[in-house]
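Written below as structure tokens is the structure these notes are about.
We name chains A, B, ... by the order of the sequence lines, and we start the count at 1 in each one.
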There are 2 protein chains.
Amino acid sequence: MSTHAAIAANASRAVPGYLVSALAISPASGTGAAIQPRNPADPLAGLGHTKVHERETTVFGEGDAAGSVFRVLSGMVRLYKMLPDGRRQIIGFLQAGDMMGLAFAAQYLYTAETVTATTIQRIPRLELDALMDAQPAFARKLLSTTTSELMAAQDQMVLLGRKTAAEKVASFLLRLSDRKGGERTIDLPMGRSDIADHLGLTTETVSRTLTKLKSGRLIRILAGGKLELLDRDALSDLACGF
Amino acid sequence: MSTHAAIAANASRAVPGYLVSALAISPASGTGAAIQPRNPADPLAGLGHTKVHERETTVFGEGDAAGSVFRVLSGMVRLYKMLPDGRRQIIGFLQAGDMMGLAFAAQYLYTAETVTATTIQRIPRLELDALMDAQPAFARKLLSTTTSELMAAQDQMVLLGRKTAAEKVASFLLRLSDRKGGERTIDLPMGRSDIADHLGLTTETVSRTLTKLKSGRLIRILAGGKLELLDRDALSDLACGF
DNA sequence: CGAATCCTTGAGAGCGGTCAAAGGATGTGG
DNA sequence: CCACATCCTTTGACCGCTCTCAAGGATTCG
């Protein structure tokens with residue numbers, strides 16, 4: 001019951017991640033805090049094996065045989081699909097608490113790469129299945145979380161299909177902020193080309209748009225890949241509701 | 001009980017939520033065949049209430065209180081989200097077997113309108129919850145279907161973010177065909193502006209692109225909103241794998 | 001500290017959007 | 001059953017947002 005309430009609360013985040021197949025089990029998700037590997041309230045705690053991956057390395061590739069699901073405990077991961085000629089679409093950025101590889105398919109349908117050094121829990125499918133059998137409530141939890149991801153994916157469709165470059169970038173920054181609980185200062189550990197491939201733009205357009213937001217005093221770009229939101233209301237207007 | 005917890009938590013959303021998922025429960029989906037209301041192999045058979053909706057009518061609107069989920073038994077429905085200034089993104093077109101309104105949110109996150117006259121089964125959330133409690137396998141089935149929807153949503157992100165107009169239209173036509181089991185002749189009951197708002201284009205661009213495909217002998221436009229795929233291989237090359 | 005990588009900025013081009021109007025299809029009333 | 005009105009589609013001309021190509025500058029990492 002308390003577990004269910006917690007999940008429902010996560011599922012109802014005003015602006016959940018833009019991640020895919022991402023499962024935010026822990027209420028600490030998104031605050032930058034890492035998931036604790038051994039938490040009695042976490043059904044996945046202790047399952048599988050946990051490993052630290054270096055920055056800019058591949059966790060699994062599109063088309064690889066899919067035997068496990070993964071959960072990010074700390075750090076950041078990007079998921080993407082590529083067209084034959086190299087065009088790339090980043091499906092989402094995963095942070096602490098998010099899951100990936102959940103599809104019921106024989107192969108992974110996207111590539112997962114670390115952006116920063118990342119701690120990842122690898123859980124064999126069989127263990128996850130066993131957990132769902134043992135705890136039917138867990139299967140419902142997974143359903144709820146997957147549905148939230150689907151909602152986020154639909155928001156992303158609106159962004160990609162109908163928003164201008166400035167609206168896309170503003171939406172992206174606000175999402176990152178909301179994910180950190182609405183903080184003014186956010187991390188941008190990923191490069192401009194990652195942002196571009198997530199928003200359906202080019203690196204040049206992302207850079208130009210950020211410069212424009214900076215000139216308009218809506219944001220301030222800080223050292224170390226950080227960024228401060230100076231005028232959240234103006235950004236929100238620009239974003240057209242994420 | 002679990003339902004109560006979910007609803008209470010959802011009611012506390014700071015921002016009206018966004019949408020939901022579409023699922024294909026029936027293997028007969030997309031063949032044009034209608035779902036049978038009383039099929040012993042269908043766990044949803046006989047649940048809720050079934051009604052025929054006229055063409056171009058609203059089933060539910062974004063923001064409406066969400067008390068039921070719906071399943072399309074025959075006909076076609078479009079799901080869309082709108083930006084404040086009227087820009088529209090069609091999330092998807094639903095056919096026989098597809099479900100909508102599945103999000104665990106207090107409000108529907110998108111609008112559902114019929115394209116053609118459509119038979120729709122309305123199932124109260126409480127009945128669906130009861131079914132999941134009674135048949136854990138059904139919850140797993142819903143999870144599997146929702147995951148498939150998520151994969152489709154990710155393909156759509158690639159389409160919207162990285163494909164050209166011609167690639168978008170070719171992908172769209174091939175998807176419709178595949179949904180009908182790969183038939184050469186497909187139905188296009190929706191208007192050009194519906195297609196445009198699904199692909200992130202304008203009606204003019206959709207029209208021009210179809211004309212170009214017609215000139216290139218890749219397709220043939222038939223009377224009554226039908227279309228024939230003349231060169232599936234060429235379309236497939238164009239589409240870059242959907 | 002040095003070198004590679006990434007970011008920013010500029011100039012110009014092109015794809016798709018906008019505006020406009022003619023051509024067809026659909027549906028309704030006479 | 002036909003005439004007319006309305007809506008949708010198609011086509012054309014032009015525009016502008018974003019992309020492409022290019023180069024200088026900043027940052028990061030080994």
Set of side-chain hydrogen bond (donor to acceptor under 3.5 Å, both in side chains) partners for B/Arg78, sequence neighbours left out: B/Glu56, B/Glu113, B/Asp194

Residue pairs fulfilling side chain to side chain donor-acceptor pair (under 3.5 Å) with at least one residue in residues 209-223 of chain B, sequence neighbours excluded: B/Arg220-B/Glu228

Helix axis bend for the helix from C/dC1-D/dG30 to C/dG30-D/dC1 - C1'-based end axes, five pairs, 10° rounding: 60°

Criterion ring-ring contact (aromatic ring centres under 6.0 Å, His included) on B/Tyr80 and B/Tyr110, from CA distance to verdict: CA-CA 5 Å; B/Tyr80 67 82; B/Tyr110 44 67; 9.2 Å; no

Where B/Leu160 and A/Gly161 come nearest, the two heavy atoms and their spacing: CD2-CA, 4.1 Å

B/Met190 and B/Phe93: CA distance, side-chain angles, deciding distance, side-chain contact (heavy atoms from CB on, under 4.5 Å) verdict: CA-CA 9 Å; B/Met190 72 292 284; B/Phe93 294 103; 3.9 Å; yes

Under the side chain to side chain contact (heavy atoms under 4.5 Å, CB included) test, residues paired with A/Asp85 that sit two or more places apart: A/Leu83, A/Arg87

Whole angstrom value for the distance that separates P of D/dT9 from CG of B/Asp197: 12 Å

A/Lys168 NZ to D/dT18 C1', straight-line distance once rounded to whole Å: 9 Å

Separation of D/dC7 P from B/Asp194 CG (nearest whole Å): 16 Å

Nucleotide-resolved protein contact map, nucleotides 2-17 of chain C, B/S/- at heavy-atom distance under 4.0 Å: -----SBBBB----SS

Interatomic distance where CG belongs to B/Leu188 and C1' belongs to D/dT10 [whole Å]: 16 Å

Sequence neighbours excluded - ring-ring contact (aromatic ring centres under 6.0 Å, His included) pairs with any residue from residues 158-179 of chain B: B/Phe172-B/His198

